[in-house]
Number of protein chains: 2
Amino acid sequence: MRRTKEESEKTREDLLNAAVRIFSEKGVARSTLDEIAKAAGVTRGAVYWHFENKTQIFEALHERLHRPFVDMILEDLEKDHPEPMVQLRDLCIQIMLDLEKDEQRQQTLILFFMKSDYSGDLAPYKDKHREKKAESMRLFKRYIEKAKKAGKLNTQADPELLTQCISCFMKGILFEYLDNPEGFDIENKAPKLINLFFNTLELEKN
Amino acid sequence: MRRTKEESEKTREDLLNAAVRIFSEKGVARSTLDEIAKAAGVTRGAVYWHFENKTQIFEALHERLHRPFVDMILEDLEKDHPEPMVQLRDLCIQIMLDLEKDEQRQQTLILFFMKSDYSGDLAPYKDKHREKKAESMRLFKRYIEKAKKAGKLNTQADPELLTQCISCFMKGILFEYLDNPEGFDIENKAPKLINLFFNTLELEKN
DNA sequence: GTTTAACCATACATTTATGTATGTATGATG
DNA sequence: CATCATACATACATAAATGTATGGTTAAAC
(Lines give C-alpha, C1' and ligand atoms only; values in the text may rest on other atoms or scores of the structure.)
Protein backbone atom coordinates (compact mmCIF):
# COMPACT_ATOMS: atom_id res chain seq x y z
CA MET A 1 0.00 0.00 0.00
CA ARG A 2 1.84 2.99 -1.35
CA ARG A 3 1.91 5.86 1.16
CA THR A 4 2.25 9.58 0.72
CA LYS A 5 5.61 11.24 1.31
CA GLU A 6 4.56 12.56 4.71
CA GLU A 7 3.43 9.13 5.77
CA SER A 8 6.68 7.69 4.54
CA GLU A 9 8.69 10.19 6.55
CA LYS A 10 6.58 9.37 9.58
CA THR A 11 7.34 5.69 9.14
CA ARG A 12 11.03 6.55 9.11
CA GLU A 13 10.66 8.54 12.32
CA ASP A 14 8.61 5.77 13.87
CA LEU A 15 11.35 3.32 13.02
CA LEU A 16 14.02 5.52 14.58
CA ASN A 17 11.96 6.04 17.71
CA ALA A 18 11.31 2.35 17.99
CA ALA A 19 14.99 1.63 17.42
CA VAL A 20 16.02 3.93 20.28
CA ARG A 21 13.72 2.12 22.62
CA ILE A 22 14.67 -1.38 21.54
CA PHE A 23 18.39 -0.64 21.29
CA SER A 24 18.52 1.00 24.71
CA GLU A 25 16.62 -1.87 26.25
CA LYS A 26 18.41 -4.81 24.70
CA GLY A 27 21.56 -3.39 23.21
CA VAL A 28 22.24 -3.14 19.52
CA ALA A 29 23.45 -6.69 19.04
CA ARG A 30 20.46 -8.36 20.67
CA SER A 31 17.94 -6.13 18.92
CA THR A 32 16.24 -7.62 15.91
CA LEU A 33 15.19 -5.66 12.89
CA ASP A 34 11.95 -7.57 13.08
CA GLU A 35 11.07 -6.36 16.57
CA ILE A 36 12.06 -2.81 15.68
CA ALA A 37 9.76 -3.03 12.70
CA LYS A 38 6.94 -4.49 14.76
CA ALA A 39 7.42 -1.85 17.46
CA ALA A 40 7.01 0.75 14.72
CA GLY A 41 3.95 -1.01 13.40
CA VAL A 42 5.50 -2.14 10.13
CA THR A 43 7.50 -5.09 8.82
CA ARG A 44 11.14 -5.61 7.99
CA GLY A 45 10.38 -4.60 4.44
CA ALA A 46 9.93 -1.02 5.61
CA VAL A 47 13.20 -1.14 7.51
CA TYR A 48 15.19 -2.24 4.51
CA TRP A 49 13.51 0.42 2.44
CA HIS A 50 14.51 3.29 4.70
CA PHE A 51 17.85 1.96 5.93
CA GLU A 52 20.61 -0.18 4.57
CA ASN A 53 20.88 -2.28 7.70
CA LYS A 54 20.98 -2.10 11.49
CA THR A 55 24.27 -0.20 11.45
CA GLN A 56 22.77 2.66 9.47
CA ILE A 57 19.96 3.01 11.97
CA PHE A 58 22.57 3.15 14.72
CA GLU A 59 24.42 5.93 12.96
CA ALA A 60 21.27 7.92 12.21
CA LEU A 61 20.47 7.87 15.92
CA HIS A 62 23.84 9.30 16.90
CA GLU A 63 23.36 12.25 14.63
CA ARG A 64 19.97 12.88 16.20
CA LEU A 65 21.59 12.90 19.64
CA HIS A 66 24.69 14.95 19.08
CA ARG A 67 23.58 17.73 16.75
CA PRO A 68 21.05 19.45 19.07
CA PHE A 69 23.46 19.17 21.99
CA VAL A 70 26.23 21.00 20.17
CA ASP A 71 23.78 23.60 18.87
CA MET A 72 22.53 24.25 22.39
CA ILE A 73 26.02 24.91 23.72
CA LEU A 74 27.02 27.00 20.72
CA GLU A 75 23.97 29.17 21.24
CA ASP A 76 24.72 29.52 24.94
CA LEU A 77 28.32 30.46 24.21
CA GLU A 78 27.09 33.40 22.12
CA LYS A 79 25.64 35.05 25.20
CA ASP A 80 28.03 37.43 26.92
CA HIS A 81 27.73 36.28 30.48
CA PRO A 82 29.76 38.23 33.07
CA GLU A 83 30.65 35.07 34.97
CA PRO A 84 31.51 32.29 32.52
CA MET A 85 31.97 29.72 35.26
CA VAL A 86 28.54 30.47 36.67
CA GLN A 87 27.20 30.27 33.15
CA LEU A 88 28.83 26.89 32.69
CA ARG A 89 27.53 25.67 36.02
CA ASP A 90 24.00 26.70 35.14
CA LEU A 91 24.35 25.04 31.76
CA CYS A 92 25.41 21.80 33.40
CA ILE A 93 22.45 21.93 35.75
CA GLN A 94 20.13 22.73 32.90
CA ILE A 95 21.42 19.82 30.85
CA MET A 96 20.57 17.47 33.68
CA LEU A 97 17.15 18.95 34.33
CA ASP A 98 16.26 18.89 30.65
CA LEU A 99 17.26 15.28 30.47
CA GLU A 100 14.68 14.22 33.01
CA LYS A 101 11.84 15.32 30.77
CA ASP A 102 13.27 13.90 27.56
CA GLU A 103 12.93 10.16 27.70
CA GLN A 104 14.07 9.79 24.10
CA ARG A 105 17.34 11.47 24.95
CA GLN A 106 17.74 9.33 28.06
CA GLN A 107 17.34 6.19 26.04
CA THR A 108 19.68 7.41 23.34
CA LEU A 109 22.36 8.17 25.93
CA ILE A 110 21.89 4.77 27.50
CA LEU A 111 22.29 3.31 24.06
CA PHE A 112 25.56 5.00 23.20
CA PHE A 113 27.11 4.99 26.68
CA MET A 114 26.18 1.58 27.93
CA LYS A 115 24.73 -0.57 25.18
CA SER A 116 27.11 -0.05 22.27
CA ASP A 117 29.76 -2.68 21.85
CA TYR A 118 31.28 -0.90 18.84
CA SER A 119 32.42 -4.19 17.38
CA GLY A 120 31.78 -5.81 14.06
CA ASP A 121 29.93 -3.47 11.73
CA LEU A 122 29.83 -0.81 14.43
CA ALA A 123 33.59 -0.72 14.94
CA PRO A 124 34.29 2.08 12.42
CA TYR A 125 31.96 4.38 14.32
CA LYS A 126 33.91 4.23 17.56
CA ASP A 127 36.50 6.76 16.47
CA LYS A 128 33.91 8.84 14.68
CA HIS A 129 31.78 9.15 17.81
CA ARG A 130 34.82 9.81 19.95
CA GLU A 131 35.74 12.70 17.71
CA LYS A 132 32.24 14.12 18.07
CA LYS A 133 32.61 13.88 21.83
CA ALA A 134 35.98 15.63 21.69
CA GLU A 135 34.25 18.40 19.80
CA SER A 136 31.81 19.05 22.63
CA MET A 137 34.67 18.86 25.11
CA ARG A 138 36.33 21.73 23.26
CA LEU A 139 33.12 23.69 23.61
CA PHE A 140 33.16 23.21 27.37
CA LYS A 141 36.75 24.32 27.40
CA ARG A 142 35.78 27.61 25.82
CA TYR A 143 33.78 28.57 28.91
CA ILE A 144 36.81 28.06 31.05
CA GLU A 145 39.10 29.94 28.72
CA LYS A 146 36.63 32.81 28.70
CA ALA A 147 36.64 32.80 32.49
CA LYS A 148 40.40 32.81 32.59
CA LYS A 149 40.70 35.65 30.12
CA ALA A 150 38.22 37.64 32.18
CA GLY A 151 40.43 37.09 35.19
CA LYS A 152 37.80 35.02 36.93
CA LEU A 153 40.15 32.12 37.46
CA ASN A 154 43.52 31.62 39.04
CA THR A 155 46.24 32.38 36.50
CA GLN A 156 47.75 28.99 37.25
CA ALA A 157 44.50 27.17 36.58
CA ASP A 158 44.82 24.68 33.75
CA PRO A 159 41.81 24.93 31.43
CA GLU A 160 42.52 21.50 29.99
CA LEU A 161 42.51 19.85 33.41
CA LEU A 162 39.45 21.74 34.57
CA THR A 163 37.56 20.75 31.46
CA GLN A 164 38.44 17.12 32.00
CA CYS A 165 37.45 17.43 35.63
CA ILE A 166 34.03 18.80 34.80
CA SER A 167 33.56 16.33 31.99
CA CYS A 168 34.36 13.42 34.27
CA PHE A 169 31.98 14.65 36.90
CA MET A 170 29.13 15.27 34.50
CA LYS A 171 29.62 11.91 32.88
CA GLY A 172 29.62 10.29 36.30
CA ILE A 173 26.31 11.89 37.22
CA LEU A 174 24.91 10.89 33.86
CA PHE A 175 25.88 7.29 34.38
CA GLU A 176 24.58 7.08 37.91
CA TYR A 177 21.30 8.55 36.76
CA LEU A 178 20.93 6.49 33.61
CA ASP A 179 21.88 3.34 35.46
CA ASN A 180 18.84 3.75 37.68
CA PRO A 181 16.62 6.68 36.68
CA GLU A 182 13.93 5.92 39.24
CA GLY A 183 16.37 5.57 42.11
CA PHE A 184 18.28 8.75 41.33
CA ASP A 185 16.31 11.90 42.11
CA ILE A 186 18.06 14.00 39.53
CA GLU A 187 15.81 17.06 39.82
CA ASN A 188 16.82 17.32 43.45
CA LYS A 189 20.34 15.95 43.46
CA ALA A 190 21.85 17.25 40.24
CA PRO A 191 21.79 20.93 41.30
CA LYS A 192 23.17 20.07 44.71
CA LEU A 193 25.93 17.90 43.33
CA ILE A 194 26.92 20.36 40.64
CA ASN A 195 26.86 23.34 42.97
CA LEU A 196 28.98 21.46 45.45
CA PHE A 197 31.40 20.58 42.71
CA PHE A 198 31.72 24.04 41.24
CA ASN A 199 32.64 25.41 44.64
CA THR A 200 35.99 23.78 44.05
CA LEU A 201 36.58 25.79 40.98
CA GLU A 202 35.63 28.94 42.81
CA LEU A 203 38.59 28.21 45.03
CA GLU A 204 40.81 28.53 42.00
CA LYS A 205 40.14 32.25 42.01
CA ASN A 206 42.18 32.84 45.14
CA MET B 1 42.07 -36.62 26.49
CA ARG B 2 41.44 -36.81 30.18
CA ARG B 3 43.43 -34.19 32.10
CA THR B 4 44.55 -33.98 35.68
CA LYS B 5 42.57 -31.87 38.12
CA GLU B 6 45.12 -29.10 38.04
CA GLU B 7 45.01 -29.03 34.28
CA SER B 8 41.24 -28.96 34.39
CA GLU B 9 41.25 -25.99 36.75
CA LYS B 10 43.70 -24.25 34.47
CA THR B 11 41.44 -24.66 31.46
CA ARG B 12 38.65 -23.14 33.51
CA GLU B 13 40.82 -20.15 34.32
CA ASP B 14 41.97 -19.94 30.72
CA LEU B 15 38.35 -19.86 29.63
CA LEU B 16 37.51 -17.07 32.07
CA ASN B 17 40.54 -15.04 31.00
CA ALA B 18 39.67 -15.52 27.38
CA ALA B 19 36.06 -14.58 28.09
CA VAL B 20 37.09 -11.28 29.72
CA ARG B 21 39.08 -10.36 26.68
CA ILE B 22 36.49 -11.37 24.12
CA PHE B 23 33.55 -9.95 26.08
CA SER B 24 35.26 -6.62 26.66
CA GLU B 25 36.21 -6.36 23.01
CA LYS B 26 32.96 -7.38 21.36
CA GLY B 27 30.37 -7.25 24.08
CA VAL B 28 28.67 -10.26 25.56
CA ALA B 29 26.03 -10.64 22.87
CA ARG B 30 28.41 -10.62 19.95
CA SER B 31 30.89 -12.96 21.61
CA THR B 32 30.72 -16.56 20.54
CA LEU B 33 31.38 -19.50 22.82
CA ASP B 34 33.42 -20.91 19.99
CA GLU B 35 35.83 -17.99 19.82
CA ILE B 36 36.14 -17.94 23.61
CA ALA B 37 37.00 -21.62 23.48
CA LYS B 38 39.49 -21.12 20.67
CA ALA B 39 41.07 -18.16 22.47
CA ALA B 40 41.56 -20.46 25.43
CA GLY B 41 43.00 -23.16 23.20
CA VAL B 42 40.12 -25.61 23.60
CA THR B 43 36.77 -26.33 21.97
CA ARG B 44 33.19 -25.60 22.91
CA GLY B 45 33.06 -28.99 24.54
CA ALA B 46 35.29 -27.69 27.30
CA VAL B 47 33.11 -24.62 27.73
CA TYR B 48 29.96 -26.64 28.20
CA TRP B 49 31.73 -28.89 30.62
CA HIS B 50 32.84 -26.07 32.93
CA PHE B 51 29.89 -23.72 32.49
CA GLU B 52 26.21 -24.07 31.83
CA ASN B 53 26.21 -21.39 29.17
CA LYS B 54 27.47 -17.90 28.32
CA THR B 55 25.44 -16.36 31.12
CA GLN B 56 27.21 -18.39 33.76
CA ILE B 57 30.59 -17.25 32.47
CA PHE B 58 29.35 -13.68 32.68
CA GLU B 59 28.33 -14.15 36.29
CA ALA B 60 31.56 -15.86 37.25
CA LEU B 61 33.46 -12.86 35.92
CA HIS B 62 31.50 -10.40 38.05
CA GLU B 63 32.37 -12.27 41.19
CA ARG B 64 36.03 -12.18 40.22
CA LEU B 65 35.80 -8.40 39.81
CA HIS B 66 33.81 -7.39 42.84
CA ARG B 67 35.11 -9.60 45.62
CA PRO B 68 38.73 -8.34 45.73
CA PHE B 69 37.52 -4.75 45.46
CA VAL B 70 35.32 -5.03 48.52
CA ASP B 71 38.03 -6.87 50.41
CA MET B 72 40.53 -4.12 49.64
CA ILE B 73 38.26 -1.41 51.00
CA LEU B 74 37.27 -3.44 54.04
CA GLU B 75 40.91 -3.95 54.88
CA ASP B 76 41.63 -0.25 54.42
CA LEU B 77 38.70 0.69 56.64
CA GLU B 78 40.24 -1.33 59.46
CA LYS B 79 43.16 1.07 59.66
CA ASP B 80 42.65 3.91 62.10
CA HIS B 81 43.62 6.86 59.98
CA PRO B 82 43.52 10.28 61.70
CA GLU B 83 42.10 11.97 58.60
CA PRO B 84 39.45 9.74 57.04
CA MET B 85 38.89 12.09 54.11
CA VAL B 86 42.59 12.05 53.29
CA GLN B 87 42.52 8.30 53.63
CA LEU B 88 39.59 8.10 51.24
CA ARG B 89 41.30 10.44 48.80
CA ASP B 90 44.44 8.33 48.83
CA LEU B 91 42.36 5.22 48.37
CA CYS B 92 40.68 6.71 45.32
CA ILE B 93 44.03 7.65 43.83
CA GLN B 94 45.41 4.21 44.59
CA ILE B 95 42.45 2.52 42.93
CA MET B 96 43.15 4.44 39.74
CA LEU B 97 46.88 3.83 39.79
CA ASP B 98 46.40 0.13 40.46
CA LEU B 99 44.02 -0.09 37.56
CA GLU B 100 46.62 1.02 35.07
CA LYS B 101 48.75 -2.03 35.74
CA ASP B 102 45.92 -4.53 35.81
CA GLU B 103 44.71 -5.05 32.28
CA GLN B 104 42.42 -7.88 33.31
CA ARG B 105 40.59 -5.53 35.66
CA GLN B 106 40.39 -2.84 33.00
CA GLN B 107 38.79 -5.23 30.58
CA THR B 108 36.41 -6.55 33.21
CA LEU B 109 35.30 -3.01 34.05
CA ILE B 110 34.83 -2.22 30.39
CA LEU B 111 32.76 -5.35 30.15
CA PHE B 112 30.37 -4.55 32.97
CA PHE B 113 30.20 -0.79 32.49
CA MET B 114 30.01 -0.48 28.76
CA LYS B 115 29.47 -3.83 27.12
CA SER B 116 26.70 -5.41 29.15
CA ASP B 117 23.21 -5.03 27.75
CA TYR B 118 21.65 -6.89 30.70
CA SER B 119 18.86 -8.16 28.51
CA GLY B 120 17.65 -11.64 27.72
CA ASP B 121 19.39 -14.19 29.89
CA LEU B 122 21.45 -11.46 31.53
CA ALA B 123 18.46 -9.44 32.69
CA PRO B 124 18.17 -11.07 36.13
CA TYR B 125 21.72 -10.01 36.94
CA LYS B 126 21.06 -6.30 36.55
CA ASP B 127 19.52 -5.92 39.99
CA LYS B 128 22.00 -8.33 41.50
CA HIS B 129 24.97 -6.36 40.25
CA ARG B 130 23.35 -3.09 41.25
CA GLU B 131 23.01 -4.39 44.78
CA LYS B 132 26.68 -5.32 44.83
CA LYS B 133 27.51 -1.80 43.70
CA ALA B 134 25.30 -0.33 46.43
CA GLU B 135 27.29 -2.41 48.89
CA SER B 136 30.56 -0.78 47.88
CA MET B 137 28.86 2.63 47.98
CA ARG B 138 28.03 1.99 51.62
CA LEU B 139 31.68 1.25 52.25
CA PHE B 140 32.68 4.60 50.79
CA LYS B 141 30.06 6.24 52.97
CA ARG B 142 31.70 4.82 56.07
CA TYR B 143 34.82 6.92 55.42
CA ILE B 144 32.70 10.03 55.37
CA GLU B 145 30.77 9.09 58.45
CA LYS B 146 34.03 8.43 60.24
CA ALA B 147 35.24 11.88 59.19
CA LYS B 148 32.07 13.50 60.41
CA LYS B 149 32.17 11.74 63.76
CA ALA B 150 35.77 12.84 64.16
CA GLY B 151 34.65 16.41 63.57
CA LYS B 152 36.61 16.65 60.36
CA LEU B 153 33.60 17.71 58.37
CA ASN B 154 31.04 20.45 58.58
CA THR B 155 28.19 19.37 60.85
CA GLN B 156 25.78 20.22 58.06
CA ALA B 157 27.58 18.06 55.54
CA ASP B 158 25.39 15.31 54.16
CA PRO B 159 27.30 12.01 54.02
CA GLU B 160 24.84 10.55 51.56
CA LEU B 161 25.31 13.44 49.15
CA LEU B 162 29.06 13.49 49.53
CA THR B 163 29.23 9.77 48.87
CA GLN B 164 27.20 10.16 45.72
CA CYS B 165 29.36 13.07 44.68
CA ILE B 166 32.57 11.10 45.03
CA SER B 167 31.04 8.04 43.42
CA CYS B 168 29.92 10.08 40.42
CA PHE B 169 33.32 11.65 40.04
CA MET B 170 35.21 8.40 40.32
CA LYS B 171 32.90 6.71 37.89
CA GLY B 172 33.35 9.58 35.48
CA ILE B 173 37.12 9.27 35.59
CA LEU B 174 36.82 5.54 35.15
CA PHE B 175 34.69 5.95 32.06
CA GLU B 176 36.87 8.58 30.50
CA TYR B 177 39.90 6.40 31.07
CA LEU B 178 38.34 3.13 29.94
CA ASP B 179 36.86 4.80 26.90
CA ASN B 180 40.34 5.64 25.67
CA PRO B 181 43.10 4.18 27.86
CA GLU B 182 45.91 5.31 25.59
CA GLY B 183 44.62 8.86 25.31
CA PHE B 184 44.04 9.33 29.02
CA ASP B 185 47.26 9.63 31.01
CA ILE B 186 45.78 8.25 34.20
CA GLU B 187 49.03 8.01 36.14
CA ASN B 188 49.47 11.74 35.72
CA LYS B 189 45.91 13.01 35.62
CA ALA B 190 44.10 10.88 38.17
CA PRO B 191 45.99 12.27 41.19
CA LYS B 192 45.58 15.82 39.94
CA LEU B 193 41.90 15.42 39.25
CA ILE B 194 41.17 13.69 42.52
CA ASN B 195 43.17 16.17 44.57
CA LEU B 196 41.40 19.03 42.88
CA PHE B 197 38.09 17.40 43.62
CA PHE B 198 38.74 16.67 47.26
CA ASN B 199 39.60 20.28 47.86
CA THR B 200 35.87 20.88 47.63
CA LEU B 201 35.20 18.59 50.50
CA GLU B 202 37.87 20.30 52.53
CA LEU B 203 35.73 23.39 52.23
CA GLU B 204 33.03 21.57 54.09
CA LYS B 205 35.12 21.85 57.20
CA ASN B 206 34.60 25.58 57.50
C1' DG C 1 44.83 -54.06 36.59
C1' DT C 2 40.18 -53.14 35.76
C1' DT C 3 36.75 -50.17 36.01
C1' DT C 4 34.85 -45.89 36.32
C1' DA C 5 34.07 -41.43 35.40
C1' DA C 6 36.17 -36.97 34.59
C1' DC C 7 37.53 -34.02 30.82
C1' DC C 8 37.17 -32.68 26.57
C1' DA C 9 36.48 -33.17 21.16
C1' DT C 10 33.41 -34.00 17.47
C1' DA C 11 29.14 -34.26 15.05
C1' DC C 12 24.50 -33.08 14.43
C1' DA C 13 19.95 -30.96 14.99
C1' DT C 14 17.55 -26.79 15.89
C1' DT C 15 16.90 -22.18 16.11
C1' DT C 16 17.16 -17.47 14.78
C1' DA C 17 18.46 -13.45 12.32
C1' DT C 18 19.93 -11.55 8.13
C1' DG C 19 19.78 -10.32 3.33
C1' DT C 20 17.54 -10.52 -0.86
C1' DA C 21 14.23 -11.49 -4.19
C1' DT C 22 9.80 -10.94 -5.44
C1' DG C 23 4.97 -9.51 -5.10
C1' DT C 24 1.65 -5.73 -4.86
C1' DA C 25 -1.09 -1.83 -4.20
C1' DT C 26 -1.21 2.96 -4.68
C1' DG C 27 0.23 7.87 -4.95
C1' DA C 28 2.43 10.73 -8.14
C1' DT C 29 3.30 12.30 -12.94
C1' DG C 30 2.66 13.24 -17.65
C1' DC D 1 -5.96 7.54 -17.45
C1' DA D 2 -2.06 5.01 -18.34
C1' DT D 3 2.19 3.97 -16.35
C1' DC D 4 5.78 4.11 -13.42
C1' DA D 5 8.25 4.36 -9.39
C1' DT D 6 7.48 4.35 -4.49
C1' DA D 7 6.60 2.14 -0.13
C1' DC D 8 6.07 -1.37 1.75
C1' DA D 9 4.76 -6.89 2.73
C1' DT D 10 5.88 -11.62 2.00
C1' DA D 11 8.69 -15.55 1.08
C1' DC D 12 12.89 -17.88 0.81
C1' DA D 13 17.74 -18.92 0.92
C1' DT D 14 21.78 -18.59 3.65
C1' DA D 15 24.56 -18.25 7.61
C1' DA D 16 25.79 -18.57 12.20
C1' DA D 17 25.35 -19.76 16.95
C1' DT D 18 23.42 -22.69 20.43
C1' DG D 19 22.47 -26.91 22.82
C1' DT D 20 22.96 -31.68 23.04
C1' DA D 21 24.30 -36.17 22.12
C1' DT D 22 27.92 -39.04 21.56
C1' DG D 23 32.59 -40.64 21.26
C1' DG D 24 37.34 -41.10 22.94
C1' DT D 25 41.16 -40.93 26.03
C1' DT D 26 43.22 -41.17 30.26
C1' DA D 27 43.62 -39.83 35.39
C1' DA D 28 42.01 -41.75 39.46
C1' DA D 29 39.73 -45.02 42.64
C1' DC D 30 39.32 -49.62 44.26
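Chain naming here is simple, since letters A, B, ... match the order of the sequence lines and numbering starts at 1 in each.
- Atom-to-atom, NZ of A/Lys5 to P of D/dT6 comes out at 9 Å; the value is rounded to the nearest Å.
- Taking the centre of each ring, A/His81 and A/Tyr143 stay at or above the 6.0 Å mark.
- Rounded to whole Å, the distance from OH on A/Tyr48 to C1' on D/dC12 is 14 Å.
- A distance of 6.0 Å or more separates the ring centres of A/Tyr125 and A/Tyr118.
- Side-chain nitrogen and oxygen atoms of B/Thr4 include none within less than 4.0 Å of the OP1 or OP2 phosphate oxygen of D/dA27.
- When the P atom of D/dT18 is taken as reference, atom CH2 of B/Trp49 falls 20 Å away, rounded to whole Å.
- Where B/Glu6 and B/Glu52 each meet DNA chain D at their nearest nucleotide, the meeting point lying more 5' is that of B/Glu52.
- Note: NZ (A/Lys54) to P (C/dT20) measures 15 Å, nearest angstrom.
- Between atom NZ of residue B/Lys133 and atom NE2 of residue B/His62 there is a gap of 10.5 Å, rounded to the nearest 0.5 Å.
- Using a 4.0 Å heavy-atom distance criterion, A/Thr43 is classed as a base contact.
- With C/dT18, D/dA9, C/dC8 as the candidates, the nucleotide lying closest to the side chain of A/Leu33 is C/dT18.
- If you check D/dC8, D/dG19, C/dC7 against the side chain of B/Asn53, the one that comes closest is D/dG19.
- Look at CG on A/Asp34: it is 16 Å from P on D/dC8, rounded to the nearest Å.
- Taking 4.0 angstrom as the limit, A/Thr11 places none of its side-chain polar atoms (N or O) nearer than this to OP1 or OP2 of D/dA7.
- Atom CD of B/Glu7 and atom C1' of C/dA6 are 12 Å apart (whole Å).
- C/dA17 atom P lies 8 Å from atom CD of A/Glu35, rounded to whole Å.
- Listed pair B/Ser8 / C/dC8 meets the phosphate criterion, a side-chain N or O lying under 4.0 Å from OP1 or OP2.
- Comparing atom distances between the A/Thr32 side chain and each of C/dC8, D/dA9, C/dT18 picks out C/dT18 as nearest.
- The environment of A/Glu75 atom CD is sparse: at most 12 non-hydrogen atoms of other residues, nucleotides or ligands sit within 6.0 angstrom.
- Taking CG of A/Leu122 as the reference point, atom CZ of A/Phe58 lies at 4.5 Å (rounded to 0.5 Å).
- Separating the CZ atom of B/Arg44 from the C1' atom of D/dT22 is a distance of 14 Å, rounded to the nearest angstrom.
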